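By convention in this document, chain letters (A, B, ...) are assigned in the order of the sequence lines, proteins followed by strands, and residues within each chain are numbered from 1. Not measured: the values here are computed from a predicted model.
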Protein chains: 2
Amino acid sequence: MLSSTATTELDPFSPRTLALLDRAAAFCTTRASRLTETRRLVLGLILESRKPAGAYDILDHLRQYQRNAAPPTVYRALDFLLAQGLIHRIERMSAFIGCAHRLDCHHGNGCGHRAQFLICSGCGAVSEVEDSEISHAITSASRKIGFKPQQSTIEIEGICASCQQADST
Amino acid sequence: MLSSTATTELDPFSPRTLALLDRAAAFCTTRASRLTETRRLVLGLILESRKPAGAYDILDHLRQYQRNAAPPTVYRALDFLLAQGLIHRIERMSAFIGCAHRLDCHHGNGCGHRAQFLICSGCGAVSEVEDSEISHAITSASRKIGFKPQQSTIEIEGICASCQQADST
DNA sequence: ATCTCAGTCGTTATAATATAACTAAAGGCG
DNA sequence: CGCCTTTAGTTATATTATAACGACTGAGAT
């Protein structure tokens, strides 16, 4: 990286994000992939966001640290993070969230990749679940018609528990 | 519509598409909604396409009939057709397909709207299924965490039966 | 019969999302 | 060091989608 693109400001990530970034770095080490500074910043920005982060939102924030950042800067980092399974893309929102299984859970890192997303139309929050009943239903419905499933996008929009409570008051 | 935007050329739709358009027109009548000429053309173009049609692909074709067509022309028609349930949007592809249940099936028009889509990465074709096991799994997984599902996007990418055969030869 | 209103459409401009293509620097490794 | 692969900078552009405003249409109300 050019020395002119200084990244010397302290990054403002919360302790939780910092811990997750450490896990991500460790994970990348095991895969012989490199969590570079830009990639780490992009992942950190996604993890800090309460809602899925759009590429240009990320770009705006990233520019606080790297004045030269441009769309390809962000999209390349996103491509890397997606390839490593460290983030997910929410198709309905054209936005990105951290992968709960890679980063949050205690199962180690070998979790499957058959996640489903529950998107709250009240607060915009997205939670990731991994429900085997859904996965099995998809596999079996596919087999019924001779289709060989490889990868699926499951996005369920509705109202989360806390927004339901808020509404009913 | 301005008389200058003539739509007098014969439309080239196949007999199958014409029959589906008739169904669509009848369906709209029951809902007191208007399947205008532009909307009918857009739906026809989608139905003629073997693969999901992108908005700008539709626009290119539409211009054969309406020289003035612009992006809003197409997006407005798409919004209408989506609202009527006559088409679906495939999120992963930013593209649109006809709704098999509204137009193809013999159940009448009262079908549910919990469709799933199987996208073949070989040939690009998309088939729509309505599998109750998947729907139930989604409902039950949502309830488990207090989430109230309203609408879901289920897109499964893989290899369709005929592409599997083609590959194995 | 015409008024009026909701719905539809034409038109222009622009927003939002994403990638192509080329150059150069950085880092691993002999 | 010298070579090669990966990563990043930079500019330009492609692709998808919407905002905003004025005008036309058709159906019911007066």
> Scan residues 73-82 of chain B against DNA chain D and write down, sorted by residue number, each residue with any heavy atom closer than 4.0 Å; if none is found, say none.
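Nucleic-acid contacts, sorted: B/Y75, B/R76.
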> If you only use heavy atoms from C-beta on, which nucleotide in D/dA8, C/dA18, D/dT18 is closest to the side chain of A/F96?
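Shortest atom-to-atom distance from the side chain points to C/dA18.
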> Which of the following nucleotides, D/dT11, C/dA18, C/dT12, is nearest to the side chain of A/Y56?
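Given the options D/dT11, C/dA18, C/dT12, the side chain of A/Y56 is closest to C/dA18.
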> Residues two or more places apart in sequence or in another chain: which of them pass side-chain contact (heavy atoms from CB on, under 4.5 Å) with B/S132?
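Here the qualifying residues are B/H136.
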> Can you list the residues that meet the side-chain contact (heavy atoms from CB on, under 4.5 Å) rule with A/S152, with sequence neighbours excluded?
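A/S152 satisfies side-chain contact (heavy atoms from CB on, under 4.5 Å) with A/I138, A/I154, B/I156 only.
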> Looking at residues at least two apart in the chain, or sitting in another chain, which of them share a salt bridge (charged side-chain N to carboxylate O under 4.0 Å, His left out) with A/D57?
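Per chain and number, A/D57 pairs via salt bridge (charged side-chain N to carboxylate O under 4.0 Å, His left out) with no residue.
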> Return the value, rounded to whole Å, for the distance between atom CE of B/M93 and atom C1' of C/dA18.
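The distance from CE of B/M93 to C1' of C/dA18 comes to 16 Å, rounded to the nearest Å.
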> Are OP1 or OP2 of C/dA26 and a side-chain N or O of A/R34 less than 4.0 angstrom apart?
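No, A/R34 has no side-chain N/O under 4.0 Å of OP1/OP2 on C/dA26.
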> Out of D/dT11, C/dC9, D/dA8, which has the shortest distance to the side chain of B/T36?
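For B/T36, the side-chain atoms sit closest to C/dC9.
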> So, are A/E157 and A/R92 salt-bridged, with charged N and O less than 4.0 Å apart?
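The answer is yes: the pair qualifies as a salt bridge.
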> Starting the side chain at C-beta, find the nucleotide from C/dT8, C/dA18, D/dA19 nearest to B/R39.
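Shortest atom-to-atom distance from the side chain points to C/dT8.
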> How close or far is atom P of C/dA18 from atom CD of B/E91, stated in whole angstroms?
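After rounding, the gap between these two atoms is 12 Å.
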> Roughly how many Å is it from CD1 in A/I58 to P in C/dT17, rounded to a whole number?
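Rounded to the whole Å, the gap is 11 Å.
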> Given atom CG of B/L59 and atom P of D/dA14, what is their separation to the nearest angstrom?
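Distance check: B/L59 CG to D/dA14 P gives 16 Å.
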> Round to a whole Å and report the spacing from CG of B/L35 to P of C/dT8.
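Going from B/L35 (CG) to C/dT8 (P), I get 11 Å.
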> Between A/N68 and D/dA8, is there a side-chain N or O to OP1/OP2 distance below 4.0 Å?
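Indeed not, no polar side-chain atom of A/N68 lies that close.
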> With sequence neighbours left out, write down each residue that passes side-chain contact (heavy atoms from CB on, under 4.5 Å) with A/S14, or none if nothing qualifies.
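Here the qualifying residues are A/R16, A/T17, A/E48.
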> Which nucleotide wins on minimum distance to the side chain of B/Q66, given the candidates C/dA18, C/dT11, C/dG10?
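So the side chain of B/Q66 is nearest to C/dG10.
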> Are any non-hydrogen side-chain atoms of B/F80 and B/L35 less than 4.5 angstrom apart?
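Counting from C-beta outward, B/F80 and B/L35 do come under 4.5 Å.
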> Output the single nucleotide from D/dG9, C/dA18, D/dA17 whose closest atom is nearest the side chain of B/A55.
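Of all the options, the side chain of B/A55 is nearest to D/dA17.
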> Round to a whole Å and report the spacing from CG of A/L41 to P of D/dA8.
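That distance rounds to 11 Å.
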> Quick one: name the residues clustered hydrophobically with B/I97, using the 4.5 Å side-chain heavy-atom rule over I, L, V, M, F, W, Y, and just say none if it's on its own.
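Besides B/I97, the cluster holds B/I90, B/M93, B/F117, B/I119, B/V126.
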> From CZ of B/R40 over to P of C/dT8, roughly how many Å is that when rounded to an integer?
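Result: 18 Å.
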